[in-house]
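Throughout, protein chains are lettered first and strands after them, A, B, ... in sequence-line order, and every chain is numbered starting at 1.
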Amino acid sequence: MQVGLFVTCLVDLMRPRIGFATLKLLERAGCTVVVPPQQTCCGQPGFNSGDRESGRAMALRFLADFEAFEYVVAPSGSCTGMIRCHYAELFPEDSALQARLNALSARTYELTQFLVDVLHLERVDSTFAGSCTYHDSCSGLRELGIKKQPRALIAGIPSAELHEMDKPEICCGFGGTFSIKLGDIATRMADNKCQDILSTGADAIVGGDLGCLLNIEGRLRRLGDQHTRVLHVAEVLAGPEPEGD
Amino acid sequence: MLLTSSSFKRNVRRKLEDPSLQRNMKRFGGRFVEARAAVMTEVDNLEEIRVAAAAIRDRSLANLDSYLVEFEAQAQARGTQVHWAETAQDVNRILIEIARTNGVRKIVKSKSMVSEESGLNDAVAAAGMQAIETDLGEYILQLAEEPPSHIIAPAIHKSVEEVAELFSEKHHTPRQTDIPALCREAREQLRPHFLSADMGISGGNFLIAETGSVVIVTNEGNGRMVTTLPRIHVAITGIEKVLPTLNDFSTVVRLLTRSATGQSITNYVSMLTGPRQEGDHDGPEQSHIILVDSGRSRLLGTELQQALRCIRCGACMNHCPVYQNIGGHAYGWVYPGPIGAVLTPSYVGLENALDLPQASTLCGACQVVCPVKIPLPELMRVLREKSFSQGLRPWHERWSIVLWRTAASHPRLYAGLTRLAVRLLRRLGGKDRLLHRLPGLDGWTEGRDMPAPSGQTFRELYRKRKS
Amino acid sequence: MSARDNILARVRKGLGLPGNIPGAERDKARAYMAEQPRGPRPTYGWGDNVARFCERSEKLGSTVDRVASLAEVPQAVARYLQSKGLPVSAVAWPTLQDMPWRTAGLEVQARAAQGSDLVGITGAFCAVAETGTLMLLSGEDTPATVSLLPETHIALVDVTRIVPGMEEAWALMKAERGTPPRAVNFVSGPSRTADIEQTIVIGAHGPYRVHVVCYG
């Protein structure tokens, strides 16, 4: 099975190890993974800030990079949601293009969704050890219906324990550019999320979107918490690699 | 109502730093959310009913002129006087005219958000008449001289201690903090007003075209009082509130009360048609209705038309994590929360409420619970697009977006810039790999550290591994 | 042009309809109203309407009594009032004035209610099983104030007039009355408020107690 990996801009720039973890998971599951080198961003930051042109330009970029693949996988519910739910609507004037985008969107999956719903994977081989709590990122949850998939995979790791936090589905306050434009509210929302996380006593907070994780980590560290690990679900499932890459 | 939406950011800061508001909002937190979730288990085909309710509202809007004219004809046939108000000021003018013509001195009001749009109470007072709010929440706020902060629970931002203080001061009674006792105190204060008022003003949850009726959905009984006891009843409501039939109403109300307060049905659903009839021993001698446009018709035919489906249940604000933290007053006008972020700029002008459509993470919680399936995140995005294309956003924001778009459209440029950026930021992050302060990103770093990038991009590393 | 005409013209312009006043579309709107389609409802069933009505009424905070016939109602009402230590004088709908209240030890006046009345007795046009709701129509002999002003509202419900849902209630009203009266009040339990700290308090401006006596 041939898979194009859309690594997403945040993972590319901020946490490459999440990209490698994703790669490892897909390859272990038997996929042939290709990383198109020209890929950049899904366009959501601009699109959600009111610049439709950002969305259109990035949709065309994505189409050029990924149309050839049988499947496309991204370690992000948010970027996958952008692609699946918004790309085609950006071109109301061009139905042929819409059809191509729709066809590509339909083969584009968030990582855990792909592992569980497409590959029907029940277990991953991970060395992750410790307790964790899972934050449901909004786009993944509400646009794509991702809820059970990451939990099912984490449950299959023998040395991992999942403690649910109070209100795992409430937004952490990231919201892309919202987190900068309305930083006061974003900080308060992140604070609420951190309290819920800390109340579980878990060693790690795990999620499927790096944006949310950076927001949560940023608030945890500012609050003085240095020990709670902030991990992408791909890192947990692939088994964490040493820091540094 | 005084518009302060343009100072949204300042309002937010004040609200976030207000300990008593924060306490009250924390308490508010999940109660409506839990009540709604519990009662929705009764509706095993919720999605089917939501689709039907949205279609009913869409049908009303797509034929709004026809249903309004039908409503008017039926209402007039039953003796209701129908008035049309193009603007909020017209609402006040018409109401005061009716009151003056009939020698009205005292008015009792049940909750009407539309009358908040026009600041009716102030206009009535200026005309030398007394308007008394009778919904408990609205009554509390009238005593406190504050606007409502929620469309169905207007005093949600107040604690029992604050109410106790207020009642004791205004009623000259001993301070008591027992909630049932405070409710009884309000009942005893207001009962004489119901019995002596000349005019009752109510809102209207819906207008029924086939019968020319106004429907109000209430719990306290004050809505029944103000529409039954005074000699004149005036209902004030928006033109979009019309529904073709009683069957349509039956479908919509199943979701309205469940979405709002988590009740299968409210204590009272009252449908009023015309004044007192021949032989009746109670009911008003005159029945009036003021149909208000005030910006609504402008939304028709645009993507924002979907917002007019709104049945004012408040579920979007109850479930909104932004609203939950800042309360309703920060939004600066009548309608807070996600629906307010769409309606306020639409009614008062985008330039006067620029930050409201931005006041959402687009988390989608509102859209999931909306009983008439208004795509609120999408509508907020539509307003953001207007702001962006009309050049209403700050220059640095526009500039960053265009820069990012340009870079991301040119992979080689993007590769070069990102290579530099991640190295620079990695260095700035220092030993603990955290950026404590980053010029231009103060909005983030004021309350959170920014985890630093790890120093090389994934694509660089991937290429190296491959070779 | 009048405000009315301006608004209608703006609405039509927004909707992309020609001209300033509704034309042929009005016939379409009328056709829809004449057709009276009913929307979907929750699909669970509940078998017996009477049992459902009683169960839901109690859930709303009402109390429910069941007697075999209308003749037994005055005794049942008296029993209720005495058991609660409530006054045995009441105001009632004029439709109920010929019932043997006095033999049951009750002082009943048939008229509209005043602020000082403590107990109000009404019938019901019909009742809705789905939600445990009473449907009261205002009229010469059924004044709306009786179910509103007194602290205690006692409603007499003929079990043969308990219908499944609100849709059937409207249909019954149209069949028997044609057009609606001045006020149709659906009453679902005692009045309440949660406006202070979302704490539910029974008895806001309307009755503190609703007692339903089902007969037949």
Heavy-atom closest pair (C:R182 atom, B:D282 atom, distance to 0.1 Å) is NE-O, 3.9 Å

Top contributor to chain C interface from B:Q277, B:E162, B:E138 [non-hydrogen pairs under 4.5 Å]: B:Q277

Check: B:H281 main-chain N/O paired with C:R111 side-chain donor or acceptor under 3.5 Å: no

I need the minimum non-hydrogen distance between B:N45 and C:P40, along with the two atoms involved. ND2-CB, 4.3 Å

Interatomic distance, C:Y32 atom OH to B:I56 atom CD1 [nearest 0.5 angstrom]: 5.5 Å

Identify which part of B:R296 has an atom lying under 4.5 Å from any heavy atom of chain C, answering side chain, backbone, both or neither. neither

Part of B:L46 within contact of chain C (heavy atom distance under 4.5 Å): neither

Apply side chain to side chain contact (heavy atoms under 4.5 Å, CB included) to B:R224 and C:V187, showing your working. CA-CA 11 Å; B:R224 291 187 61 193; C:V187 174; 3.9 Å; yes

Candidate pair B:V160 and C:T199, rule side chain to side chain contact (heavy atoms under 4.5 Å, CB included), full reasoning: CA-CA 10 Å; B:V160 61; C:T199 304; over 6 Å; no

Is C:K13 in contact with chain B via its backbone, its side chain, both, or neither, using a 4.5 Å heavy-atom distance? neither

Answer yes or no: is there a side-chain heavy-atom contact under 4.5 Å between C:L60 and B:Q263? no

Top contributor to chain C interface from B:T251, B:L182, B:I49, B:L272 [non-hydrogen pairs under 4.5 Å]: B:I49

Quick check: closest heavy atoms across C:V11 and B:S297, and the distance to 0.1 Å? CG2-CB, 4.1 Å

Please step through side chain to side chain donor-acceptor pair (under 3.5 Å) for the pair B:R184 and C:Y208, ending with a clear verdict. CA-CA 10 Å; B:R184 188 170 260 278; C:Y208 285 87; 3.2 Å; yes

Backbone of C:R10 reached by a side-chain donor or acceptor of B:R298 within 3.5 Å: no

Look at B:T80, B:T228, B:V69 and state which one has the largest set of heavy-atom pairs under 4.5 Å with chain C. B:V69

Under a 4.5 Å heavy-atom cut-off, does chain C meet the side chain of B:Q305, its backbone, both or neither? side chain

Pick one of side chain, backbone, both or neither for B:L246, based on which atoms fall under 4.5 Å of a heavy atom in chain C. both

Counting heavy-atom pairs under 4.5 Å with chain B, which one of C:A169, C:G14, C:A113, C:G16 comes out on top? C:G14

Keeping the roles fixed (side chain from C:H205, backbone from B:A186), state whether a donor-acceptor pair exists under 3.5 Å. no

Side-chain H-bond candidate by donor/acceptor type, B:Y268 with C:R192, under 3.5 Å: no

What residue, out of B:Q74, B:R59, B:K158, B:E188, has the most heavy-atom pairs lying under 4.5 Å from chain C? B:R59

Sort by residue number and list every residue of residues 131-150 of chain C having at least one heavy atom under 4.5 Å from chain B. C:T131, C:T133, C:G139, C:E140, C:P143, C:A144, C:T145, C:S147, C:L148, C:L149

Non-hydrogen side-chain atoms of B:H150 and C:D195 separated by less than 4.5 Å: no

Identify which part of B:L299 has an atom lying under 4.5 Å from any heavy atom of chain C, answering side chain, backbone, both or neither. neither

Residues C:S191 and B:N267: side-chain donor-acceptor under 3.5 angstrom: no

Quick check for you: among B:N24, B:D280, B:V269, B:I179, which has the greatest number of heavy-atom pairs under 4.5 Å with chain C? B:V269

Measure across B:M271 and C:P180 and return the closest heavy-atom pair with its distance rounded to 0.1 Å. CE-CB, 3.5 Å

Candidate pair B:S250 and C:W170, rule side chain to side chain donor-acceptor pair (under 3.5 Å), full reasoning: CA-CA 9 Å; B:S250 310; C:W170 295 125; 3.1 Å; yes

Salt bridge (Lys or Arg N to Asp or Glu O under 4.0 Å) evaluation trace for B:R254 with C:E167: CA-CA 11 Å; B:R254 274 196 186 89; C:E167 286 87 344; 2.9 Å; yes

Criterion side chain to side chain contact (heavy atoms under 4.5 Å, CB included) on C:M166 and B:N247, from CA distance to verdict: CA-CA 8 Å; C:M166 194 182 262; B:N247 282 339; over 6 Å; no

Where do C:R4 and B:H83 land on the side chain to side chain contact (heavy atoms under 4.5 Å, CB included) test, with the steps shown first? CA-CA 8 Å; C:R4 172 187 189 272; B:H83 311 264; over 6 Å; no

Please report the closest heavy-atom contact between B:S264 and C:R56, naming both atoms and the distance. OG-NH2, 2.8 Å

Could you point out which residue of B:D65, B:L64, B:L300, B:N63 forms a side chain to side chain contact (heavy atoms under 4.5 Å, CB included) with C:L17? B:D65

The interface call for B:R187 against chain C, heavy-atom contacts under 4.5 Å, is both

Atom CG in C:L8, atom CG in B:L68: separation rounded to 0.5 Å? 6.5 Å

In terms of heavy-atom pairs under 4.5 Å with chain C, the winner among B:A35, B:G279, B:P284 is B:G279

Non-hydrogen atoms of C:E197 and B:R27 that approach each other most closely: OE2-NH1, 2.9 Å

